[in-house]
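Before any comments, here is the structure.
Scope of the values below: all heavy atoms of this structure, side chains included, with no hydrogens, waters or symmetry mates. Keep in mind the model is a prediction, meaning the values are calculated, not measured. Note that ligands are numbered from 1 as they come in the structure, with each ligand's atoms numbered from 1 the same way.
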Amino acid sequence: MLKTPSMEGKIHVGKDAVKKRLPKLTEGQKNFVLTDSNVYALYPDWFKKYFPHTEIFVLPAGEENKNFQSLYCILEKMTGAGLHRTSRLFAVGGGVIGDIGGLAAALYMRGISCVQVPTTLLAQVDSSVGGKTAVDLGGVKNVVGAFYQPCEVLVDPTFLKTLPKREIKCGLGEIVKYAALSGEIFDLLRDSEKEWTDLSFLETLITSCIRHKARVVEADEKESGERRSLNVGHTTGHAIELTSGLSHGESVLYGMLLETKMAIAAGICEKGYGEELLALTVKAIAQSPASEMDFSSIEKDAEKARSDKKNTDDGKIKMAVAKAKGVWTMYALPFEEYKNALLSAVKE
Ligand SMILES: NC(=O)c1ccc[n+]([C@@H]2O[C@H](COP(=O)([O-])OP(=O)(O)OC[C@H]3O[C@@H](n4cnc5c(N)ncnc54)[C@H](O)[C@@H]3O)[C@@H](O)[C@H]2O)c1
């Protein structure tokens, strides 16, 4: 069996991560930077400083651009720039840039090195690590992609200073997911005396979440076992994302809320612990009221869960749910039962 390459020594977190780890790029070297329009507009001097003599491709910001057309344009630019096998692609941005940039790196000449420089909380705690790369197609999230590990992940939390509150909330969605899987992260969140948005506290959370994820991915890169745990809240979350217009992280928070309620009602999740987890989820949702959900389209959302990537020929909807502190399990329901349980969770 192939062993997942270890991420040991390849992930660097801290305000000097880029400064210390980014190699000096000189004239004549052919490398490629992918970023989005918001990040490029916010950090023009940073790009000039760290990426002189480098082709920079700026994708319009937004999930709607995580598609084949963008991927084609990126690959065309890479070819036009004359990149070769030893060239590197630097993906500087949120999860959208990381996912599509990672896929472009995986495809170009059958794979060139990819350095992830995540700039959103969601990307720093989660998506930049683990090698899942993808684009959306036909209204289905991340349906075309590859497992392709980055050669380095450089995480500088100071990027978070310019992140809108609503995007911080998105990152908290993935952090609460880790709290459902790790007793250590659960305690950190529950017992914190600091504001969750405090930069030094976020750096602690980022480090803990990344450590947890790297361990899980090293044990199960292709998601046949423990890596499925990283989908807590995501079956319903992805379905909500497709119909509601909410972002990924916000949708995951509502997915966590509903799936935890369903697991408590089914007697799968310990009630006392489940209620504490729900309280953390509600606190994360309250970090930015800009995107409250009204649940009026929840039946439509349930339909979308039919296209979830965890589904198999048995037709059941599969969810990874928290069971007890630091313990998770898979929970599968025939579609009608899933829909009814979801409707009950909404009413509760
Ligand atoms: N590969 C994985 O394992 C994995 C895991 C979770 C999520 N994802 C994917 O990640 C995507 C969501 O990622 P996201 O929430 O980072 O979205 P995103 O990349 O769209 O970024 C959110 C917004 O923040 C802006 N932004 C980025 N950095 C900024 C900064 N420092 N200051 C100000 N604005 C900034 C972006 O321009 C964008 O408008 C989804 O496509 C999801 O499917 C992938």
Task: Student check: side-chain heavy atoms of K15 and E203 closer than 4.5 Å - done: no
Task: For atom 6 (C) of ligand 1, the protein heavy atom that lies nearest, with its residue and separation - done: D126 OD2, 3.4 Å
Task: Residue and atom name of the nearest protein heavy atom (relative to atom 21 (O) of ligand 1), distance in Å to one decimal - done: T120 CG2, 3.6 Å
TODO: Return the option from G131, S127, S247 holding the heavy atom at the smallest distance from atom 4 (C) of ligand 1.
DONE: S127
Open item on the list: Under 3.5 Å between any N/O of R227 and any N/O of ligand 1: does that happen in this structure?
Closed with: no
Task: Validation row: L154, F90 side chains within 4.5 angstrom (heavy atoms) - done: no
Task: Minimum-distance protein heavy atom relative to atom 35 (C) of ligand 1 - done: L163 CD1, 3.5 Å
- [ ] Run the numbers for me: atoms of ligand 1, each under 4.0 Å from some heavy atom of K141, listed by number.
- [x] 40 (C), 41 (O), 42 (C), 43 (O)
Task: Structural part of D136 in contact with ligand 1, heavy atom criterion under 4.0 angstrom - done: neither
Open item on the list: Tell me whether K141 is salt-bridged to E63, with the criterion being a basic N under 4.0 Å from an acidic carboxylate O.
Closed with: yes
TODO: Please indicate whether K325 has more than 12 foreign heavy atoms, meaning atoms of other residues, nucleotides or ligands, lying under 6.0 Å from its NZ.
DONE: yes
Open item on the list: Checking N65 against I100 for the side chain to side chain contact (heavy atoms under 4.5 Å, CB included) test, could you report, in this order, the C-alpha distance in whole Å, the side-chain angles of both residues, the deciding distance, and whether it holds?
Closed with: CA-CA 9 Å; N65 298 307; I100 195 168; over 6 Å; no
TODO: Identify, for atom 14 (P) of ligand 1, the protein heavy atom at the shortest distance, and state residue, atom and that distance.
DONE: G95 N, 3.5 Å
Open item on the list: If I apply the N/O under 3.5 Å rule, does F159 come out as touching ligand 1?
Closed with: yes
Open item on the list: Counting only heavy atoms closer than 4.0 Å, does ligand 1 sit against the backbone of T133, its side chain, both, or neither?
Closed with: neither
- [ ] Compute the minimum heavy-atom distance from R166 to ligand 1 and say whether it is under 4.0 Å.
- [x] no
Open item on the list: Can you report which non-hydrogen protein atom sits closest to atom 41 (O) of ligand 1, along with the distance?
Closed with: E63 OE1, 2.4 Å
Task: Distance filter under 4.0 Å to E174 heavy atoms, resulting ligand 1 atoms - done: 6 (C)
Open item on the list: Give me the nearest non-hydrogen protein atom to atom 3 (O) of ligand 1 as residue plus atom name, then the distance to 0.1 Å.
Closed with: K213 NZ, 3.4 Å
Open item on the list: Is any side-chain heavy atom of E270 closer than 4.5 Å to one of V327?
Closed with: no
Open item on the list: Would you say that P157 contacts L202 through its side chain, given a criterion of any heavy-atom pair below 4.5 Å between the two side chains?
Closed with: no
Open item on the list: Could you check whether any heavy atom of E241 sits closer than 4.0 Å to an atom of ligand 1, since that is the contact criterion I want to use?
Closed with: no
- [ ] Take atom CD of E27 as the centre, draw a 6.0 Å sphere, and report whether it contains more than 12 heavy atoms from other residues, nucleotides or ligands.
- [x] no
Open item on the list: I'd like to check which ligand 1 atoms, numbered from 1 as shown, lie under 4.0 Å from a non-hydrogen atom of N142.
Closed with: 43 (O)
Task: Full working for side chain to side chain contact (heavy atoms under 4.5 Å, CB included) between I97 and V92 - done: CA-CA 7 Å; I97 289 301; V92 184; 5.6 Å; no
- [ ] Measure the distance from atom 39 (O) of ligand 1 to every protein heavy atom, then report the residue, atom name and distance (to 0.1 Å) of the closest one.
- [x] N38 ND2, 3.0 Å
Open item on the list: Please classify the K132 to ligand 1 contact at 4.0 Å (heavy-atom distances, strictly less than): side chain, backbone, both or neither.
Closed with: both
Task: Close-contact set for ligand 1 against T162 heavy atoms, below 4.0 Å - done: 30 (C), 31 (N), 32 (N), 33 (C)
Task: Residue, atom name and distance, where the atom is the protein heavy atom closest to atom 20 (O) of ligand 1 - done: V96 CG2, 3.4 Å
Open item on the list: Side-chain heavy atoms nearer than 4.5 Å, only ILVMFWY residues, links allowed to pass through others: does that put L280 and M293 together?
Closed with: yes
Open item on the list: Quick one: does any side-chain atom of T133 pair with a main-chain N or O of A146 as donor and acceptor, under 3.5 Å?
Closed with: yes
- [ ] Determine the interplanar angle of the W46 and Y43 rings, folded into 0 to 90°, and report it as parallel if under 30°, tilted if 30 to 60°, perpendicular if over 60°.
- [x] perpendicular
Task: ligand 1 atoms in contact with E167 (distance to a heavy atom under 4.0 Å) - done: 22 (C), 23 (C), 24 (O)
Task: Where ligand 1 meets K66 - atom numbers and elements under 4.0 angstrom, heavy-atom basis - done: 9 (C), 40 (C), 41 (O), 42 (C), 43 (O)
- [ ] Before accepting this row, confirm whether a basic side-chain N of the pair E303/R306 lies closer than 4.0 Å to the acidic partner's carboxylate O.
- [x] yes
